[in-house]
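Take a look at the structure set out below.
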Amino acid sequence: MIINHPLLGPRDSAEFVYLGDASLIDRPDPETATPEDWHAYAYLRDNVAGDMRELWFHEGGDRSWLVVTRNTLTHEISKVEMARDVARAQGRSK
Amino acid sequence: MTQINRVSGGQIDRSATFKFKFDGKSYTGHPGDTLASALLANNVRLMGRSFKYHRPRGPLTAGSEEPNAIVELGEGARKEPNTRATTAELFDGLVANSQNRWPSLAFDAMAINDRFSNFLTAGFYYKTFMWPAAFWEKLYEPIIRKAAGLGSLSMQEDPDVYDKGFRHCDLLIVGAGPAGLMAALTAARSGQQIILADEDFAFGGRLISETFSVDDAPALDWVKAAIAELSSCPNVRLMPRTTVIGAFDHGIYGAVERITDHLRNAPAGTPRQILWRIYAKQTLLTAGATERPIAFDNNDRPGIMLAGAMRAYVNRFGAAPAKRVAIFTNNDDGHRTAADLHAKGVKIASVIDTRPDAPKSYDYEVLSGAQVVNTMGRLGLTFAEVKLADGTMRTVECGALGVSGGWNPNVHLTCHQRGRPTWNTDLAAFVPGGTLPPGMRVAGAAQGIFSTQGAMQSGAQIAADMLGTQAAPSPTTEDAPTSQTPFWYVEGCSRAWLDQQNDVTVKDVKLSHQEGFRSVEHLKRYTTLGMATDQGKTSNIGGLAIMAELAGKAIPEVGTTIFRPPYTPTAIGALAGRMRGKDFHPTRLTPSHYWAKEQGAVFVEVGNWLRAQWFPRPGETHWRESVDREVRQTRASVGVCDCTTLGKIDVQGTDAATFLNKIYCNGFAKLAVGKTRYGLMLREDGIAMDDGTAGRLAEDHFVVTTTTANAVKVYQHMEFLRQCLCPDMDVQLISTTEGWAQYAVAGPNSRKLLQKIVDPEFDISNDGFPFMACANITVCGGLRARLFRISFSGELAFEIAVPSRYGDALMRRLMAEGEEFDVTPYGTEALGVMRIEKGHAAGNELNGTTTALNLGMGRMVSKAKDSIGSKLSERDGLNRADALMQIGIKPVDANDKITAGGHLMAKDGPVDAAHDQGYVTSAAFSPSLDSMIGLGFLKNGSTRVGEKMRLVSPVTNLTVDVEIVSHHFVDPEGDRVRA
Amino acid sequence: MGYSGFKVIKEALLGHKGWTPAWRDPEPKAHYDVVIIGGGGHGLATAHYLAKVYGVRNVAVIEKGWIGGGNVGRNTTIIRSNYLLDGNEPFYEFSLKLWEGLEQDLNYNAMVSQRGIMNLIHSDAQRDAFIRRGNAMILNGADAEYLDEAQVRAEYPFLNFDDARFPIKGGLAQRRGGTVRHDAVAWGYARSADQHGVDIIQNCEVTGFRIEGGKCLGVETSKGFIGAGKVASCVAGSSGRLMAKANMRLPIESHVLQAFVSEGLKPVLPGVITFGAGHFYVSQSNKGGLVFGGDLDGYNSYAQRGNLPVVEDVCEGGMAIMPMIGRARLLRMWGGIMDMSMDGSPIIDRTHIDGLYFNGGWCYGGFKATPASGYVYAHLLANDAPHPTATAYRFNRFQTGDMIDEKGMGNQPNLH
Amino acid sequence: MFVHDLTPITALGGATPQVETVGTVTLSENPGLALASVMARVGFETECTKHLADLLDGDAPGPGKCRLHDPEAAFWMGPDQWMVGAPYDTHETLVGDLKTRFENTASVTEQSDAWVCFDLRGAKMEAVMELCCNLNIRAMQTGDAQRTSIHHLGCFVLRRDPEDGVRILGPRSSAGSLHHALKTAMVSANLL
């Protein structure tokens with residue numbers, strides 16, 4: 001597969017390390033989260049058949065974490081974002 | 001032996017003669033021959049045996065779709081089983097042998113199977129060999145296994161090398177036939193980067209096997225001109241002998257280029273084949289079409305081949321399949337074959353055409369509305385039995401029979417991403433479907449455009465569309481209409497073959513239907529239709545058609561089996577490339593490696609690292625002698641160990657401390673500058689991930705060490721935290737593992753030794769540089785270095801780091817300066833022994849299932865702050881009263897052995913899984929205690945010190961009485977490390 | 001109709017006129033006691049044992065496509081019970097024992113071949129781990145054998161002992177492990193279930209569950225509504241997709257695992273070999289093909305096809321350990337979709353919806369587990385209580401922290 | 001100034017760098033580089049980039065680029081991260097000098113000995129690289145710098161002047177394996 005890196009352009013997916021669903025960015029707030037929230041965060045997945053937002057690490061490149069929107073039925077990639085920007089946009093800070 | 005079937009013309013070079021051997025017999029051929037064409041020229045039709053019935057077989061085709069003529073090519077370690085004689089390029093000295101026969105090709109004892117074929121129908125083995133149960137492995141299966149298989153491996157290491165490479169292009173054109181060449185001529189003019197690949201050693205596709213003219217000149221002239229023009233274009237790369245084996249995601253194609261297979265002796269070191277990963281922005285498939293046979297009784301005898309293949313042999317290779325040839329066809333293409341053969345002086349016995357309105361000929365007899373119903377000839381065709389239109393029978397004498405059932409577009413690559421071809425009724429064939437791999441288009445015969453003129457036009461036009469350029473003008477040439485009337489098989493009473501290699505007959509398909517195996521996948525799996533080395537390129541469609549007829553469905557309703565990569569079978573060596581033997585993975589060497597080698601160190605693989613395991617001294621015959629000595633010397637005086645392999649990560653930024661507080665389960669915010677602290681990292685699921693130390697060199701600068709094994713994983717994990725969870729934290733990360741040579745200097749005299757090399761302005765006395773101190777210093781008169789006072793061995797110890805290129809010199813200096821202390825280098829074994837003696841956890845304990853609690857560090861998990869894994873580590877299942885706890889183990893009898901991997905059972909009572917209480921993770925002989933000792937996990941272990949238990953290891957036949965002890969075998973109070 | 005050598009001979013002499021379909025092709029009834037979703041190995045085995053062992057015969061197996069078209073027809077055919085953890089080992093040993101009696105139980109020759117499986121050892125840490133595992137196997141009543149380097153060499157002299165990047169230091173063998181003709185497993189169970197009255201309904205896709213008041217009443221399908229006392233999901237690989245129709249999120253990701261077969265070769269490999277320092281395991285089929293595989297592609301996928309990097313990775317492993325296969329040719333490759341669970345172990349349990357049951361999360365342990373999976377699932381469906389060998393395969397183990405993590409990789413499915 | 005008496009060895013373990021020529025291509029081990037990474041502190045990205053631009057008197061290199069300049073050069077490693085290179089005789093002072101220059105706008109880390117540096121030159125350089133890594137080497141221009149993988153080793157490949165030359169930075173501990181990979185590719189490319 002080829003991942004179109006926002007900064008570096010098309011790169012072979014073999015350069016990347018796959019983590020999983022981009023929901024892993026949404027780590028529960030330790031102050032307020034219930035055990036159920038933690039269980040859902042760590043263990044439950046949508047596992048969609050279709051467009052999925054997922055985390056790839058550019059191990060063999062610029063060491064950026066990317067959020068890749070990829071179709072799990074066709075492998076078509078429709079969007080690639082810098083995970084750091086996504087995390088900030090979702091309100092994560094320190 | 002003379003080439004009695006040679007005819008005039010063709011593209012073989014008669015000026016040179018090649019000698020070659022088949023089954024020990026010598027023959028001659030010419031450059032431009034394939035093994036099959038040369039054998040035919042020598043009047044050899046019998047080239048192989050079928051898989052199941054061991055029926056005699058000759059070539060059915062002239063290309064890579066060949067099911068029958070497969071041989072063992074070459075000898076010794078270079079023997080290559082299952083090689084298609086129809087694609088093997090002839091060279092001088094070629095040696096080939098037939099396979100899957102015994103004792104010889106002509107007299108094959110296994111042909112007995114053919115007599116019993118009636119018992120060996122599709123799926124018979126599922127219905128028998130069941131009683132008695134034990135007999136399957138003992139009796140039935142060995143016989144079946146021995147009989148199965150085609151060619152044999154040499155069982156020697158493949159002596160050839162293979163390369164892998166990468167190429168990039170704007171347009172990849174697959175197939176250099178009429179459509180492909182026109183596409184390339186068009187694309188070349190666009191100036192974009194073009195690759196034109198063809199599996200054949202000669203470009204031109206059908207053009208070089210046909211006699212018609214292009215622009216009133218022989219087609220071959222046009223091909224030569226086209227190749228000449230393309231060769232002159234810097235933006236075009238021509239890749240003959242290159243099979244595009246697969247279409248993978250996002251325009252990545254696998255292609256295998258054969259470099260030396262056609263050479264007698266290639267220069268030493270030349271790769272045999274290269275696997276190219278071609279990154280193509282767009283791809284045009286112009287792979288042509290494959291002719292399909294008609295099934296009739298005994299249609300598998302040597303001499304019976306596809307009519308188009310016959311044209312290839314006669315026109316391209318100048319080899320007639322026999323002196324006297326008959327043709328069986330349901331379309332005009334068969335007549336073209338007859339005409340071509342006739343023109344070469346081959347006697348046409350007759351043309352049998354299933355159509356009542358078959359075209360007439362003045363040159364030879366045409367039997368309209370007739371069918372071949374059977375054939376004769378034990379090792380090769382002698383007669384064909386023909387049923388005439390009026391129902392009367394007639395025997396036609398012939399040494400070869402050309403069969404033409406029409407053509408199937410080569411849609412294979414269009415299916416590699418699970419796109420399904422669609423049925424075209426006019427052509428009675430599958431054509432590329434709606435869902436092609438993105439970026440791919442198809443032209444020419446592969447698209448179902450069977451006229452040469454049409455193929456050329458489509459190739460040019462589609463290439464022009466794809467690149468937004470002008471189509472190269474197409475020449476005028478053969479432009480016959482190409483509708484096909486389907487005709488699949490002749491109803492008979494004997495056996496009519498569909499899959500010739502796997503011996504699947506029309507009867508088998510009928511039986512499959514009768515027993516309910518009616519979906520195309522069931523048909524394939526139950527009868528093995530299309531599972532042979534030719535992947536059913538010539539047989540699938542026939543089986544499909546018959547199943548459709550039986551099911552009363554249209555062919556597309558029955559469906560088609562998906563073609564999967566590779567397009568043709570691919571050498572495993574080519575897919576592996578250079579990654580084999582010692583080059584399987586890269587090797588990482590430590591800075592002291594060359595020095596250690598001089599010392600005669602024994603090395604061990606630790607991940608990709610090579611580390612010194614121990615340093616034998618003269619007179620030491622057993623590894624234990626060396627290891628015990630290294631331990632004793634270190635504990636008695638001083639030892640040095642290369643610990644460069646530990647991961648080192650530079651953590652900087654104003655939030656560096658906060659960051660480490662999140663990464664480690666224990667606190668780091670308050671760590672003073674100039675201090676180091678042990679840290680335990682958890683995964684988010686609360687399980688221990690890695691441990692190490694972090695030294696604070698400045699308010700905003702830490703140096704983190706990881707275990708050797710987890711360096712990469714921990715770095716990723718840290719970047720995840722930095723970029724995905726805490727994007728605004730001011731922290732910067734970079735690995736410095738490779739940059740510093742780091743040595744542990746351990747033992748009571750370690751300070752004295754270091755004082756000799758550390759520059760005097762740095763005070764490393766116990767007060768000036770206490771336990772867990774760290775600092776930037778200089779050594780040997782000004783070389784920048786880092787010093788940490790940390791201990792893995794349990795002794796007074798330091799770790800000193802200098803820039804890698806000075807590591808070798810520093811080790812030599814430490815050894816020289818240490819002589820007065822009887823310094824010893826120690827390897828990973830002694831390191832392991834000392835850490836077990838001290839009770840430090842390592843990889844065997846941090847095994848991905850243990851928690852801080854299990855490791856006896858439960859209290860380290862700070863509740864005062866949030867850190868990765870702290871929350872989920874609180875789950876009940878990880879905090880049971882009888883949770884496993886790390887303990888030490890000692891044999892009751894000091895002479896007894898302890899083994900890692902052993903399980904702990906109550907001293908008396910049953911020994912089984914239900915009574916399992918724990919297990920041993922690490923074991924070693926402790927010179928300090930003069931006994932074997934071990935670390936392990938025991939249910940509620942921390943409260944069971946002093947208990948006597950049984951250590952059992954049935955798989956190594958060991959049972960030992962052991963005592964549970966503290967896992968700090970040496971210096972439990974830690975006085976030494978603080979000395 | 002019974003199968004036997006005599007029957008084969010008789011039919012041969014009578015022109016094979018007497019063979020009848022291996023299973024019927026019925027239209028679905030309005031209601032069944034149990035509707036099993038998924039006509040793969042596990043679903044068909046469940047039906048077989050439900051009918052034959054637990055006497056529940058009013059059962060339908062509904063299959064979206066053709067039976068045996070999923071992972072039971074796409075795997076590398078290996079059977080073994082060489083597991084480490086107490087939650088797993090008794091179950092897989094139970095499975096291996098069922099394999100050993102399969103032909104006689106089914107009257108169908110699935111060619112269960114106990115040719116032995118060997119896990120190669122390449123480091124001291126690996127040796128320690130394998131010894132611990134071998135002991136766990138024996139303590140659980142399975143067979144295991146530790147071999148040193150010389151013993152491995154004696155059995156497999158053609159492995160790369162002398163030019164290896166990661167030398168072979170020994171092996172852990174399970175002699176009772178081996179291979180099975182995978183398609184025949186599905187067909188054998190289907191035929192037997194059918195003979196015990198089970199309706200096998202092919203080309204029937206489940207489009208939804210009918211759930212009222214927290215109870216599952218049946219399934220909506222492409223052939224209409226089918227009522228059921230109990231609905232049993234058994235679609236490993238597609239579990240996520242199916243259970244989403246019941247609004248369930250699972251501790252499972254779907255990943256593609258590729259498998260490979262070489263051209264037919266005369267016998268070279270007596271047993272199954274697993275390379276411990278690379279991603280490669282291999283056996284040789286009775287037809288002569290080397291059947292081999294390696295690691296997951298690593299990304300979520302439902303596409304049943306993989307990519308080149310893993311193909312190369314697997315072949316590199318093959319050449320590293322068996323350098324004599326360089327000139328053997330890869331004939332065909334394909335991909336199967338794995339239910340990769342969060343701890344690498346399966347789930348066989350009731351769901352929070354009354355009457356809806358779940359069997360999935362098999363990772364790549366699915367094929368070898370087929371008989372036991374069917375057996376214990378049938379037990380759960382018949383008794384509403386887990387079978388003694390499968391008490392740990394519960395949904396809630398991730399809440400309680402009782403993961404069954406053989407590899408110690410944690411909650412990252414693509415690492416299991 | 002620095003009078004320490006330890007003798008360095010090259011990444012390939014020699015006292016002097018190795019140079020190999022196969023056909024038209026020459027591979028030279030180059031121990032003459034001092035390296036330091038510069039990573040912008042959060043909130044100071046602009047200032048950091050400015051400092052780097054001054055150092056290189058030109059623009060700071062963007063993604064996939066390097067700035068070839070004497071005495072200091074730099075290439076882009078990642079977002080707000082660069083590798084600065086200078087002649088080796090500055091290795092004792094490079095990090096200190098950079099820290100002074102960048103002040104609190106960047107984190108600077110010693111990298112001199114983390115890498116082995118190879119210079120690959122000659123008419124068939126592109127053919128060699130095609131056998132080593134998936135970079136579109138023929139499309140790379142002078143001044144392009146990409147990270148890639150050569151036989152499983154993460155490397156930086158800098159396309160330099162003259163046109164037929166690339167500089168390859170690989171992990172120092174694997175210098176031997178990287179050298180071996182490049183050499184076998186040189187042999188193949190020469191025979192093809």
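Model, not experiment: these values are computed from the prediction. Chain letters run A, B, ... following the sequence lines, proteins first, then strands; residues in each count from 1.
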Starting from the C-alpha separation in whole Å, work towards a yes-or-no answer on salt bridge (charged side-chain N to carboxylate O under 4.0 Å, His left out) for B:Asp249 and A:Arg70. CA-CA 12 Å; B:Asp249 278 314; A:Arg70 191 179 56 93; over 6 Å; no
Measure the NZ-OH distance between B:Lys871 and A:Tyr41 for me, rounded to the nearest 0.5 Å.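 One gets 13.5 Å once the value is rounded to the nearest 0.5 Å.
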Give, for atom OH of A:Tyr43 and atom CG of B:Leu872, the distance between the pair rounded to the nearest 0.5 Å.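 A:Tyr43 atom OH to B:Leu872 atom CG measures 6.0 Å (nearest 0.5 Å).
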Any side-chain heavy atom of B:Arg875 within less than 4.5 Å of one from A:His39?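 Counting from C-beta outward, B:Arg875 and A:His39 never come under 4.5 Å.
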Determine the option with the most heavy-atom pairs under 4.5 angstrom with chain B, choosing from [options].
{"options": "A:His75, A:Lys94, A:Glu31", "answer": "A:Lys94"}
{"options": "A:Ala87, A:Ser93, A:Ala42, A:Ala33", "answer": "A:Ser93"}
{"options": "A:Ser64, A:Ala22, A:Ser13, A:Ala83", "answer": "A:Ser64"}

Contacts of residues 713-729 of chain B with chain A (heavy atom under 4.5 Å):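 Counting heavy atoms that sit under 4.5 Å from chain A, the residues of residues 713-729 of chain B involved are B:Tyr715, B:Gln716, B:Glu719, B:Phe720, B:Arg722, B:Gln723, B:Cys724, B:Leu725, B:Cys726, B:Pro727, B:Asp728, B:Met729.
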Could you tell me whether the side chain of B:His250 and the main chain of A:Met1 form a donor-acceptor pair under 3.5 Å?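 Not at all, since once roles are kept as given, no pair shorter than 3.5 Å links the two residues.
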What part of B:Ser735 gets closer than 4.5 Å to chain A, counting heavy atoms only: side chain, backbone, both or neither?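 Neither part, no heavy atoms under 4.5 Å.
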Set out, in order, the CA-CA distance, both residues' side-chain angles and the distance that settles side chain to side chain contact (heavy atoms under 4.5 Å, CB included) for B:Val712 and A:Glu59, then state yes or no. CA-CA 9 Å; B:Val712 171; A:Glu59 173 84 45; 3.8 Å; yes
More than 12 heavy atoms of other residues, nucleotides or ligands under 6.0 Å from NZ of B:Lys863: is that the case?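 Above 12, so yes.
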Answer with side chain, backbone, both or neither: which region of [X] has an atom nearer than 4.5 Å to a non-hydrogen atom of chain B?
{"X": "A:Thr74", "result": "backbone"}
{"X": "A:Leu55", "result": "side chain"}
{"X": "A:Leu24", "result": "both"}
{"X": "A:Val17", "result": "side chain"}

